[in-house]
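The structure appears right after this line, and notes come after that.
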Number of protein chains: 2
Amino acid sequence: MADKTPIDTLIDLMARLPGLGPRSARRAVLHLIRKRGQLLAPLAEAMAEVAATARECLNCGNVASGDICPICADIKRENGILCVVEDVADLWAMERSGVFRGRYHVLGGTLSALDGIGPDELRIPRLKDRLATERVSEVILALNATIDGQTTAHYIADELDGRVTLSSLAQGVPIGGELDYLDDGTITAALNARKQI
Amino acid sequence: MADKTPIDTLIDLMARLPGLGPRSARRAVLHLIRKRGQLLAPLAEAMAEVAATARECLNCGNVASGDICPICADIKRENGILCVVEDVADLWAMERSGVFRGRYHVLGGTLSALDGIGPDELRIPRLKDRLATERVSEVILALNATIDGQTTAHYIADELDGRVTLSSLAQGVPIGGELDYLDDGTITAALNARKQI
């Protein structure tokens, strides 16, 4: 195999996906070639379509196939309650739980002095605009329970203070979690937020 | 997300790749959307090209973008020595070592009474044809050291007996292997095939 064949090119590109290395990329490509009718051709088509249409929702920052994402466009979703998340993966995770019926706002990251990411690099100005125009009554800060996530939550809470009801996700023992395997921080948080039964 | 968007379709298809599940497929798709210019579009193109052109080499069974694979077409490869492997992944593994300069024959699996795979389901008749037409002097049976692989090797050895020199890959301690972590079968094989220094 002296020259680079189309198959080699495909393997190199696949190996750049997160979770795949050169070995699993080769395995995936062989699998694709074996199933070229049922899988490879539809996948090529789906990728071409997403590559051509995917963009950020102008309103909330979710990924979408048009200017406005299906959630922002859905008239059945509750107005007035906004869930702020770090990125689209978090939005998808919230949607899978199927509990939240309001709308989202995707920041696109967290504040980070080290990486030079300030409020203007995130979608924080746009969040303030939405509060004004969409008559939002509650903002849920569903940011990750990491240092960066919590710093960002504090910053947003300060910025929005007094303009809207603010809440954050409860912290405590995860469902199915065993105390023995939990870190001290989680146990402390669960203990401090204990509820009378 | 009530209707199935192009992004959902792409996630579903990606989740059917070996080594990816629903969660890693979502992660991969988000990564692809973020890098749609550098990665998603080229990947869609590479897949479309492979889907359109990939087929089995009529001579050896390798995957190729034409009727004859680059190895069979390469006039610099040695004629007369044929390495028999189970599938294309094994051929690629042999090629990566860069040592073998002869030609290959891909069986497309192993004999299996349980799965109803006999010699005619594999490329064994074609192997016999090649022995006759290509003036092969040596056949290396590079089949996996599994029960099915070794059964198949024995069957082929019986079929070709007397018509050609037969050899198989050496068995023993892998390079970098520690005796403590090797199974008994490998140690037995290495001991039986020991070499005087």
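So that the names make sense, note that chain A is the first sequence line, chain B the second, and so on, each numbered from 1.
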Residue A:A73 versus chain B: region with a heavy atom under 4.5 Å: neither
Residue B:I33 versus chain A: region with a heavy atom under 4.5 Å: side chain
Side-chain donor or acceptor of A:R27 paired with backbone N/O of B:P18 under 3.5 Å: no
Backbone N/O of A:L182 and side chain of A:T186: donor-acceptor pair under 3.5 Å: no
Enclosure of A:R96 CZ (heavy-atom neighbours >12, cutoff 6.0 Å): yes
Contacting moiety of B:A52, where chain A heavy atoms sit under 4.5 Å: neither
Contact leader toward chain A among B:D12, B:L32, B:L43, where contacts are heavy-atom pairs under 4.5 Å: B:L43
Option in B:E49, B:R26, B:K35 with maximal non-hydrogen atom pairs under 4.5 Å from chain A: B:R26
Heavy atoms from other residues, nucleotides or ligands near CG of B:D184 exceed 12 (cutoff 6.0 Å): no
Expected output: side-chain B:R103 to main-chain B:R77 donor-acceptor under 3.5 Å: yes
Residue among B:L40, B:T53, B:V29, B:D87 with most heavy-atom pairs under 4.5 Å to chain A: B:L40
Closest-packed option against chain B by number of heavy-atom pairs under 4.5 Å, given A:A51, A:C69, A:A48: A:A51
Pairing of A:R123 and A:E86 as salt bridge, 4.0 angstrom limit: no
